[in-house]
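Since the structure comes first, as C-alpha cells, the remarks are kept for the end.
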Amino acid sequence: MKILQYTEDHESFRMRMRGFLESEIMPYTDQWEKEHITPKWAWQKMGQAGFLCTAVPEEYGGLGGDFLYSVIAAEEMTRTNHTGLATMLHSDVVVPYIHTFGSNGQKQKYLPGCVSGDIITAIAMTEPDAGSDLASMTATAEQSGDWIVLNGSKTFISNGINADLVIVAAKNPAVDNPYESVSLYLVEAGTPGFNRGRQLEKMGFHSQDTAEMFFSNCRIPEENRLGNDGAGFYMLMEKLQQERLMTAIGGQAAAEYMLELTQKFCRETTDASGKPLSKQQAVMFALVEMATEVKIGRAFLDKLIAGHAAGEPEIVETSMAKYWITDLAKRISQKCLDLYGDYGFTEACPIARGFRDIRVMSIFAGTNEIMKQIAGKFMGL
Amino acid sequence: MKILQYTEDHESFRMRMRGFLESEIMPYTDQWEKEHITPKWAWQKMGQAGFLCTAVPEEYGGLGGDFLYSVIAAEEMTRTNHTGLATMLHSDVVVPYIHTFGSNGQKQKYLPGCVSGDIITAIAMTEPDAGSDLASMTATAEQSGDWIVLNGSKTFISNGINADLVIVAAKNPAVDNPYESVSLYLVEAGTPGFNRGRQLEKMGFHSQDTAEMFFSNCRIPEENRLGNDGAGFYMLMEKLQQERLMTAIGGQAAAEYMLELTQKFCRETTDASGKPLSKQQAVMFALVEMATEVKIGRAFLDKLIAGHAAGEPEIVETSMAKYWITDLAKRISQKCLDLYGDYGFTEACPIARGFRDIRVMSIFAGTNEIMKQIAGKFMGL
Amino acid sequence: MEFELSKPQKEIQKAARDFAKGEFDKEEGIAFSKSRKYPEKILKKAAELGFIGIHYPQSCEGAGMGMLENAIVAEQFCRQDSAMGMAVLLSGFGAECVFRFGEKEIAKRLVLPVVEGKALSALAFFETKMVGRIDAVSTLIAEDNGDIAINGEKNFVLNGMNADFYVVLGRNAEGASFAGDRFFLVAVESDRKGIHLTDAGQTIGNNMVSFGHVHFDNVRVPAENLLQKSGSGPDRPLALVNEARIQLSAMALGTAQGAFDRALDYIRQREQFSRKLAQFQVIRHKIAEMAARIEQTRWLVYKTAWKFDKKKCDAGDAAIAKLTASRCALEVTDEAVQLLGGYGYMTEYEVEHFYRDAKTIEIMMGSSFQLKDAIADVVIGKPGKK
Amino acid sequence: MEFELSKPQKEIQKAARDFAKGEFDKEEGIAFSKSRKYPEKILKKAAELGFIGIHYPQSCEGAGMGMLENAIVAEQFCRQDSAMGMAVLLSGFGAECVFRFGEKEIAKRLVLPVVEGKALSALAFFETKMVGRIDAVSTLIAEDNGDIAINGEKNFVLNGMNADFYVVLGRNAEGASFAGDRFFLVAVESDRKGIHLTDAGQTIGNNMVSFGHVHFDNVRVPAENLLQKSGSGPDRPLALVNEARIQLSAMALGTAQGAFDRALDYIRQREQFSRKLAQFQVIRHKIAEMAARIEQTRWLVYKTAWKFDKKKCDAGDAAIAKLTASRCALEVTDEAVQLLGGYGYMTEYEVEHFYRDAKTIEIMMGSSFQLKDAIADVVIGKPGKK
C-alpha cells in the first residue's frame with residue numbers, strides 16, 4: 001500500500017533527473033568538495049535541463065509541477081551525496097517567497113532567471129546573535145525617500161558566495177513590536193553596500209558556499225520590498241513550514257541512501273570465513289533495526305507530504321518530522337559507519353561525507369529543540 | 001491527511017462499543033484483576049452486543065465486517081486497561097483459523113458460539129521447551145482408527161482456564177520433516193485426557209487466565225482435525241501474520257491511550273507555583289517526544305493496516321511493526337510513569353497497570369528478536 | 001587510587017552475600033510481596049549480624065562504618081532479591097536524620113531499635129505539591145508551651161503504614177516563637193495522638209514495603225524530638241535526600257546485578273533452534289551490553305559512597321549516582337525479562353519483580369527530571385542566577 | 001578503595017593540563033588537521049617534559065609509571081584538543097610491543113627515539129579481511145637464512161605513512177623453520193627495502209595522524225627484530241590490542257570532557273529569547289546528562305587503567321572501557337555540537353572536530369560489534385564451547 005500516488009510522468013521525471021545527475025553532476029562533486037564551492041555553470045546546466053524550480057508556473061519558464069516534483073528533485077539531489085548545488089534551497093525554499101509574495105514586476109524580472117539557473121538565490125535571515133530567535137533580529141531597513149537603506153550582518157547564509165539575489169530580512173527601527181517590524185527585501189549581487197564576508201569553514205557541506213553577509217548603508221529601491229511592509233515575520237513563518245518539510249525530505253532521502261549503500265556493502269563484503277557481513281546476526285539485526293526506523297520515518301513523511309500537497313499544512317507534525325527525521329538520519333550516519341570497520345574511518349567510504357554533512361540538519365531550518373518547542377506550543381502544552 | 005478511510009458505520013460502531021465498554025465492562029475490571037480471572041458472562045455480554053468476531057460472516061451470526069472493524073474492536077478493548085477479556089485474541093487470532101481452514105461442519109458447529117461468546121477459544125502452540133522454535137515442538141498426535149490421540153504439554157496459553165475450545169498444534173511422530181508433521185486439532189473442554197495446569201502467576205495480565213495445558217492420551221475424533229493433515233506449520237505461518245499485526249495494533253492503541261492519560265495529567269496537575277506540569281520545559285519536551293514517536297508509529301501501522309485489509313500482506317513490515325511498536329509502547333509506559341512522581345509508584349496510577357501489562361507484548365506472538373530475524377531473512381540479508 | 005575493596009570490606013561483602021543466599025527464600029519472598037507483608041524475621045536476623053546500620057555511629061550501636069560499606073551490603077542483598085533487599089535496607093530510611101541532627105538521647109532512644117531490627121523508620125519529607133521543590137513544603141512545625149506541634153500531610157511515605165517513627169520535614173508556622181530559618185526536622189513516634197494513615201495501596205514494585213499518606217493533625221511531641229533546635233536552610237534536609245539517593249543507587253546496582261546473574265544462567269541453559277541461547281551473537285551482545293552497563297555503574301556508585309564518607313559528596317554527585325544506577329537497573333532488568341522470554345514474565349522466574357523494583361527505585365526520591373535539575377544546579381549553578 | 005589521585009598523579013594531571021593549555025594552539029591545530037600534518041614540534045616538547053612513554057619502563061628511558069598515569073595525560077591532552085592529543089599520544093602506538101616482548105637491545109634502539117619524541121611507531125596488525133578475528137591474519141613471517149622475511153599487506157595503519165617503525169603481526173609461513181605457535185610480532189623499520197605505502201586518504205577525524213596501507217614485499221629484517229623468538233598463541237597480540245583500547249578510552253574521556261567544557265562555556269554566554277541558554281530547563285538537563293555520562297565514564301576508565309597496571313585487566317575489561325568511553329565521547333560531543341547550534345558546525349568553535357574525532361575513536365581498534373564479541377567471550381565464554 002502506497003501513501004503517495006506518483007504518476008508515470010513523475011516517475012519518468014525522476015529517472016531523467018537521476019540519469020542527468022549521474023552523468024552531468026556526480027563526476028564533479030568530489031572536486032567541488034575540495035574547492036569548497038560549486039561553479040555557476042552547474043546551476044545553469046540544471047536549469048537548462050529543467051530541474052530547477054519545478055513548482056514555478058510555465059508562464060515564467062517553470063515546469064508548473066505539483067509538490068511531488070519538488071519531492072522528487074530533493075530526493076534525487078540527495079543521492080549525489082554533496083551539498084554545494086543546493087537546488088532544494090533555491091527551488092523550494094527561497095524562490096517560493098518570490099513566487100508567492102512577489103509583485104508581477106518582481107516575478108517577471110526574477111523568476112525566469114531562477115528557473116534557468118542564471119539567478120542563484122539565498123535567504124538572509126539568521127544573525128550572529130539571533131539564531132532561532134527572530135524577535136531579536138538587529139539588521140535594520142530604513143526608508144529614505146524612495147529608497148530603503150539596509151544595515152546589519154547576517155550569517156550561515158547558504159549559497160552565500162554564489163547568490164545573485166538575496167532575500168534579506170530586516171527590521172524597521174521605528175516599529176516597536178518585533179512581529180510587525182520585519183520586512184523582506186530583494187537585494188541583487190553588486191548592490192553597493194552589500195558585501196559578503198568570508199566563506200565559513202565547517203564540519204561538512206564543503207562544496208556548499210555558506211557565508212556571512214554585511215549590509216552597510218546598502219541602498220535598494222523601495223520596489224524591491226517583497227510583500228507587504230511589516231509582514232516579514234508572517235511570511236517567514238508561513239514559508240518556514242515548507243522549508244522544514246523539505247529538510248525532513250532531505251534527511252529521509254539521506255537516511256535511505258546511506259542505508260542502501262551500507263546494506264549493499266554488508267551483502268557484498270565477506271569476512272575471513274567467506275560469510276557476508278550481513279549474515280552475522282548482530283550485523284543483520286543492526287540493518288533490520290535501521291531499515292525499520294527508516295521505513296517508519298518514510299510512512300510518517302509521506303503522509304505529511306500528501307497533506308502538504310493537498311494544502312493541509314500540519315505545523316505540529318511538520319515540526320515533529322523535521323526533528324525526528326533529521327535525528328534519524330544522523331543516527332543512521334553514525335551507525336552505518338560502524339559497519340564499515342576501519343574503512344569507515346576514511347573519506348573514501350561513501351558514508352563518511354554523510355556523517356559530516358548530515359550533522360547540520362538537526363541544527364538548520366530551526367534547531368530540533370525549537371521544533372519541539374513549536375510542537376509543544378501548538379499542541380497546547 | 002488520513003491513511004485509513006473509516007466510514008460513518010465504522011465510527012458509529014466505535015462509539016457504540018466505547019460506550020458499552022465504559023458502562024458494562026470497565027466497572028468490573030479492577031475486580032477481575034484481583035480475582036485473576038474474567039467471568040464467562042462478560043464474554044457472553046460482549047457477544048450479545050455484537051462486539052465479538054466482527055469478521056465472521058453473517059451466516060454464522062457474525063457482523064461480516066471488514067478488517068477495520070477488527071481494528072476498532074482491538075483499539076477500544078485496549079482502552080479498558082485490562083487484558084482478561086482477551087477478545088482480540090479470540091475474535092481476530094483464534095477464530096480466523098476456524099473460519100479460514102474449518103470444514104463446513106466445523107464452522108456451523110463452532111462459529112455461532114464464538115460470535116455469541118458462549119464458546120471462548122484459545123490456541124495451544126507454545127511448549128515449555130519450544131518457544132518461538134516451532135520445529136522443536138514435541139506434542140504428538142497419533143492416528144488410532146478414526147481417532148486422534150494427543151499427548152504433550154503446552155504453556156503460556158491465554159484464555160487457558162476459560163477456553164471452551166482449544167486449537168492444539170501437535171506433531172505426527174511418524175513424519176520426520178518438522179514442517180510437514182504438524183497438524184491443528186480442535187479440542188473441546190471436558191474431553192477426557194485434556195487437563196489444564198495451574199494458572200500462571202505473572203508480572204501483569206492479572207485478569208487474564210494464562211495457563212498450562214496437558215494432553216494425556218486425549219482422544220478426539222478425526223473430524224476435529226482443522227485443515228489438511230500435516231499443513232499445521234503453514235497454517236500457523238499464515239495466521240501469525242495477522243496475530244502480529246493485531247499485537248502491533250494493541251501496542252499502538254496502548255501507547256496512545258497511556259500518552260493521552262499522561263498529557264491530561266500533566267495539563268491538569270500544577271506544581272507548587274501553580275504552573276501546570278506540562279508547561280515545565282523538560283516535561284513539555286518529554287510529552288512532545290513521546291507524541292512524535294506515537295504518531296510516527298501510527299502512520300506506519302495505518303499503512304500496514306490498509307495493505308492488510310487490501311490483501312497485501314507484508315511479512316517484513318509486519319515483523320518490523322510488531323517489534324518497533326511493542327517496544328515503543330513499553331518505552332512509553334516507562335517514561336509516562338516518571339511524569340507522575342511518587343504517584344506513579346502506586347497501582348492507583350492508571351499507567352501502573354500498563355507498565356506491567358505491556359511488558360509481555362515484546363515477548364508474545366514471537367519475541368521481538370524473532371521478528372528481527374524474520375525481517376532480516378525476508379529482506380534477503 | 002585503589003580500586004579494590006579492603007579486606008574488611010571484602011569480608012562484609014562476602015558475609016552479606018552469604019547471608020542473603022542463605023536466608024532469603026525465593027518462595028517466601030514471592031509470598032511476602034504478594035501479601036504486602038514486611039519480612040520482619042529477616043530484618044531481625046540481618047540486624048543480629050550487624051547489617052542494619054552498618055554506617056551508624058557506634059554511639060547508636062551502629063558499626064561506625066561508612067556509606068561504602070552500606071552500599072556493599074545493599075548491593076549484595078538486592079542482588080539476591082531486590083524486593084527483600086530493599087525492604088530490609090529501607091528500615092533505616094529516616095534513622096540517619098536522627099543521629100545526624102538529633103541530641104544523643106533521642107538518637108539512642110529511636111535509632112537503637114532500628115539497629116536491632118525491631119523498628120522501622122520513615123522519611124516523611126514529601127508532599128504531593130512539592131514536585132522536587134523542597135521550599136514548597138507546607139507542613140507546619142510550631143512551638144507550643146514547650147512542646148512541638150505538627151500539622152500537615154506527608155504523601156507517599158515509604159514504610160508509611162508501619163513505621164515506628166517518622167522524621168517529618170516542616171517549616172515554622174507563622175507567628176511561631178522560633179524565628180529565623182525555615183526548615184525543621186522533627187522525629188514523631190507513630191503512636192502519638194493525631195496521626196492518621198491512609199494506605200497508598202499496592203505499588204508496582206518494592207512490594208514488601210508499605211506506602212502511605214501520613215496526616216498530622218495537631219500532633220504534639222516533646223521539644224527533644226526537634227532534631228535541630230534552630231532549624232536550618234534547605235541544605236540539611238537536602239543532605240538527607242542526597243544520602244537516601246546514594247543508598248538507592250546501591251540498591252539499584254544490586255538489582256541490576258541480580259537480574260543479570262539470572263539472565264546469564266538462563267541463556268546458558270536454554271536451547272532454541274537446537275543451539276544454546278548463549279551461542280547466538282545477538283544474545284551475546286545483549287549480555288555484553290548489560291555487563292558493560294553494570295560495570296560502569298558499579299564504580300560510580302562506590303565512588304559516590306566513598307565521597308560521601310569523605311564528606312565531599314554534593315547534591316550533583318548523589319543525583320548522578322541515582323540517575324545512572326536506577327537507569328542501569330531498569331535497562332538491565334528489562335533486558336533480562338526479554339532474554340527469558342515468556343518465562344521472564346512469570347513470577348516464578350523472579351526477573352519480573354526485579355524489573356518492577358527497578359522502576360520504583362527510578363521514581364523514588366526524585367525521578368530523572370528532579371535529578372537532572374539537581375545536577376544542573378551544581379554544574380551550572382541555580383537558574384535565575386545569571 | 002580510594003577514589004582520589006595520589007599527589008604525584010595530581011601533579012602529572014596538572015602538568016599535562018598546563019602543557020596542553022600552554023602549547024596547543026587552536027589555530028595551529030586547525031591548520032595541522034586541514035593539511036594532514038603531524039605536530040612534530042608539540043610532540044618533541046611533550047617528550048621533553050616526559051609525557052611520552054610515561055608508562056614505559058625506565059630501561060627504555062620511560063618514566064616507569066603506569067597506564068593510569070598515561071590515561072591521566074591522555075585525558076588532559078584530548079580535553080584541550082582531541083586531534084592534537086590523539087596525534088601526540090598515538091606516536092607510541094606500537095612501541096609498547098617492542099619493550100613488552102622484544103629483547104633489551106632492540107627495545108632500546110627503537111623505543112628511545114619514540115620517548116624522545118623523534119620517532120613515530122605504528123601497530124601494523126589488521127588486514128581488511130580480519131574483521132575482528134585475529135586468527136584470520138594472512139601476513140607471513142618466515143625465517144630465511146638467519147633473517148626474517150615478511151610478506152603481506154596491513155590495512156588502515158595509524159601513522160602508516162610516516163611511522164619510523166612498524167610492529168607487524170603475522171603468522172609463520174608454511175614450511176618455515178620455526179614451528180609451533182602461530183602468531184609472531186616483528187618490528188620493521190620503515191626504511192627497509194620492499195615496503196610500499198598507500199595512503200588511505202583523508203579521514204573523518206584524527207586528522208593529524210596519517211592512515212595508510214603498508215605492503216611488505218619480501219621485506220627482510222635481522223632476527224633480533226622478531227619480538228618473540230618462539231611466537232605465541234593469539235593471547236599476546238590480543239593483549240596489545242587491549243592495551244591500545246584502554247589508551248583510546250582515556251582519549252575518548254578527554255574528548256568528551258573537552259567538548260563538555262566548551263558547551264558549558266557557550267550556554268553560559270549565549271542568549272536566546274532574552275535569556276541565557278543556561279536558564280532553559282531543557283538545556284540544563286542536556287548538560288546534566290553530559291556531566292553524568294562523563295562521570296560514569298571517568299571512573300571506569302581509571303579503574304581499567306589501574307587494573308591493567310595491577311596486571312588484572314582482561315580483554316573484557318578493556319573492551320568495556322573502550323565501548324563505554326567512545327560511546328560517551330560520541331554522545332557528549334554530538335550534544336555539544338547541538339548546544340552550540342550553527343556555531344557548533346563551524347570549524348572555529350572546535351566542537352565539530354571533537355565530534356569527528358570521537359567517531360574515529362569509536363571505530364579504531366574495533367567498533368562496538370567487535371568489542372561486544374570480546375566482552376561476551378569473557379563473560380559467557382567463547383561461542384562454540386557449550
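A note on names: the letters A, B, ... follow the listed sequences, proteins ahead of strands, and every chain is numbered from 1.
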Report which part of D:Glu362 has an atom under 4.5 Å of a heavy atom belonging to chain A: side chain, backbone, both, or neither.
side chain
Pick from D:Asp334, D:Ile283, D:Val282: which one has the most heavy-atom pairs with chain A under 4.5 Å?
D:Asp334
Among A:Thr346, A:Val360, A:Asn368, residue most engaged with chain D (heavy-atom pairs, under 4.5 Å)
A:Val360
Roughly how far, to the nearest 0.5 Å, is the CD atom of A:Glu347 from the CG atom of D:Asn207?
8.0 Å
Assess whether side chain to side chain contact (heavy atoms under 4.5 Å, CB included) is satisfied between A:Tyr343 and D:Asn155, documenting all intermediate values.
CA-CA 9 Å; A:Tyr343 172 46; D:Asn155 302 111; over 6 Å; no
Per-residue contact mode, A:Phe205 against chain D (heavy atom under 4.5 angstrom):
both
Let me confirm one number: the CG-CD1 distance from A:Leu337 to D:Ile204, rounded to the nearest 0.5 Å.
5.0 Å
Please report, to 0.1 Å, the donor-acceptor pairs under 3.5 Å made by any side chain of residues 370-381 of chain A, with sequence neighbours excluded.
from, atom 1, to, atom 2, distance (Å)
A:Lys372, NZ, B:Glu289, OE2, 2.7
A:Gln373, OE1, B:Gln281, NE2, 2.9

Do D:Tyr345 and A:Leu200 come close enough that some side-chain heavy atom pair is under 4.5 Å?
no
Could you check whether the rings of A:Phe355 and D:Tyr355 sit parallel, tilted or perpendicular, using 30° and 60° as the cut-offs?
parallel
From A:Ser136 atom OG to D:Gln272 atom CD, the distance as rounded to the nearest 0.5 Å
6.0 Å
Residue part contacting chain A, namely of D:Lys34, when any heavy atom lies under 4.5 Å:
side chain
Does the pair A:Lys202 and D:Glu348 meet the rule for a salt bridge (charged side-chain N to carboxylate O under 4.0 Å, His left out), with working shown?
CA-CA 8 Å; A:Lys202 46 201 188 304; D:Glu348 189 187 340; over 6 Å; no
Measure the spacing between CG of D:Leu339 and OG1 of A:Thr367 and express it to the nearest 0.5 Å.
10.0 Å
Hey, does A:Asp129 have a side-chain heavy atom less than 4.5 Å from the side chain of D:Arg270?
yes
In residues 329-336 of chain A, which residues are in contact with chain D at a heavy-atom separation under 4.5 Å?
A:Lys330, A:Gln334
Roughly how far, to the nearest 0.5 Å, is CG of A:Asp338 from CD1 of D:Ile363?
5.5 Å
Heavy-atom closest pair (A:Asp342 atom, D:Met365 atom, distance to 0.1 Å) is OD1-N, 4.4 Å
Can D:Glu352 and A:Arg359 be counted as an ion pair, charged N to O under 4.0 angstrom?
no
Does any heavy atom of chain A fall under 4.5 Å from the side chain of D:Leu330, the backbone, both, or neither of them?
side chain
So A:Asp271 and D:Lys129, do their side chains get closer than 4.5 Å, heavy atoms only?
no
Step-by-step ring pair (Phe, Tyr, Trp, His ring centres under 6.0 Å) determination, D:Phe156 to A:Phe345:
CA-CA 9 Å; D:Phe156 300 116; A:Phe345 200 116; 8.1 Å; no
How many angstroms lie between CG in D:Leu277 and CD in A:Glu369, if you round to the nearest 0.5 Å?
10.0 Å
Using ring centroids (six-membered ring only for Trp), state whether A:Phe156 and D:Tyr343 fall under 6.0 Å.
yes
Quick one: of A:Leu277, A:Thr269, A:Asp357, who has the most non-hydrogen atom pairs under 4.5 Å with chain D?
A:Asp357
Pick one of side chain, backbone, both or neither for D:Thr203, based on which atoms fall under 4.5 Å of a heavy atom in chain A.
both
